[in-house]
Amino acid sequence: QVQLVESGGGLVQPGGSLRLSCAVSVSIFAINTMGWYRQAPGKQRDVVARIRGDGSTDYADSVKGRITISRDNAKNTVYLQMNSLKPEDTAVYYCKIQTGGRAYWGQGTQVTVSS
């Protein structure tokens, strides 16, 4: 059974930093594309960052330069390092992988950026 568990969310002040982790229950060595998505109240769930097996990445324009996605295949974990956070970054952040012809999602972790 494929399970994804996000952690690391919480309350942070504007300009602060946070690192989110996504622990995957199966080996991610052969999983090519993994990503982080976020959903704010009243908005659709949108991609934040994606990383492929060769290490290549892409980011939403709104987070470029502030957020870095990485993966540790040995630990079966995907990370999202978030710096210079803004109130508009407030959302539930979800980890997603695509394998076996279907997508798997984590339960999400709340990130709140507020003073």
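- Distance NZ/Lys96 to SG/Cys22: 12.0 Å, rounded to 0.5 Å.
- Contact check for Thr109 versus Leu20: side-chain heavy atoms found under the 4.5 Å cut-off.
- For the pairing with Tyr93, the side chain to side chain donor-acceptor pair (under 3.5 Å) check across Gln39, Arg38, Arg45 returns one residue only, Arg38.
- Annotation: Arg50, atom CZ; neighbour count of heavy atoms from other residues, nucleotides and ligands within 6.0 Å does not exceed 12.
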Show me the donor-acceptor pairs, under 3.5 Å and distance only, between side chains in residues 75-82 and residues at least two apart or in other chains.
residue, atom, partner, partner atom, Å
Asn76, OD1, Ile28, N, 3.2
Thr77, OG1, Lys75, O, 2.8
Gln81, NE2, Asn83, OD1, 3.1

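- Between Pro14 and Ser115 the shortest heavy-atom distance is CD-N, 3.7 Å.
- Rounding to the nearest 0.5 Å gives a distance of 10.5 Å between OG1 of Thr99 and CE of Met34.
- Under the 4.5 Å side-chain heavy-atom criterion for Ile, Leu, Val, Met, Phe, Trp and Tyr, Ile69 and Tyr94 are members of distinct hydrophobic clusters.
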For Val111 and Thr90: C-alpha separation, side-chain torsions, deciding distance, then whether side chain to side chain contact (heavy atoms under 4.5 Å, CB included) applies. CA-CA 5 Å; Val111 172; Thr90 296; 5.9 Å; no
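- How far CG of Asp89 is from OG of Ser114: 12.5 Å, rounded to the nearest 0.5 Å.
- Screening residues 35-56 for ring pair (Phe, Tyr, Trp, His ring centres under 6.0 Å), with sequence neighbours left out, gives Tyr37-Trp105.
- Residues passing the side-chain contact (heavy atoms from CB on, under 4.5 Å) test with Val2, sequence neighbours excluded: Leu4, Val26, Ile97, Tyr104.
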CA sep, side-chain torsions, deciding dist, call: Lys64, Asp61, salt bridge (charged side-chain N to carboxylate O under 4.0 Å, His left out): CA-CA 5 Å; Lys64 285 182 178 178; Asp61 289 340; 3.2 Å; yes
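- The two residues Arg66 and Ser84 have their closest heavy-atom pair at NH1-O, 3.0 Å.
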Would you check, one step at a time, whether the test side chain to side chain contact (heavy atoms under 4.5 Å, CB included) holds for Thr112 with Val12? CA-CA 6 Å; Thr112 302; Val12 64; over 6 Å; no
Take Asp58 and Arg52, measure what salt bridge (charged side-chain N to carboxylate O under 4.0 Å, His left out) needs, and give me the verdict at the end. CA-CA 9 Å; Asp58 57 76; Arg52 304 186 69 85; over 6 Å; no
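- By the 4.5 Å heavy-atom criterion applied to side chains, Val5 and Gln107 are counted as neighbours.
- To the nearest 0.5 Å, the span separating CD1 on Ile67 from CG on Leu18 amounts to 10.0 Å.
- The CD atom of Gln110 sits 12.0 Å away from the CD atom of Glu6 when rounded to the nearest 0.5 Å.
- When all heavy atoms are compared, the tightest approach of Ser25 to Gln1 is OG-O, 3.0 Å.
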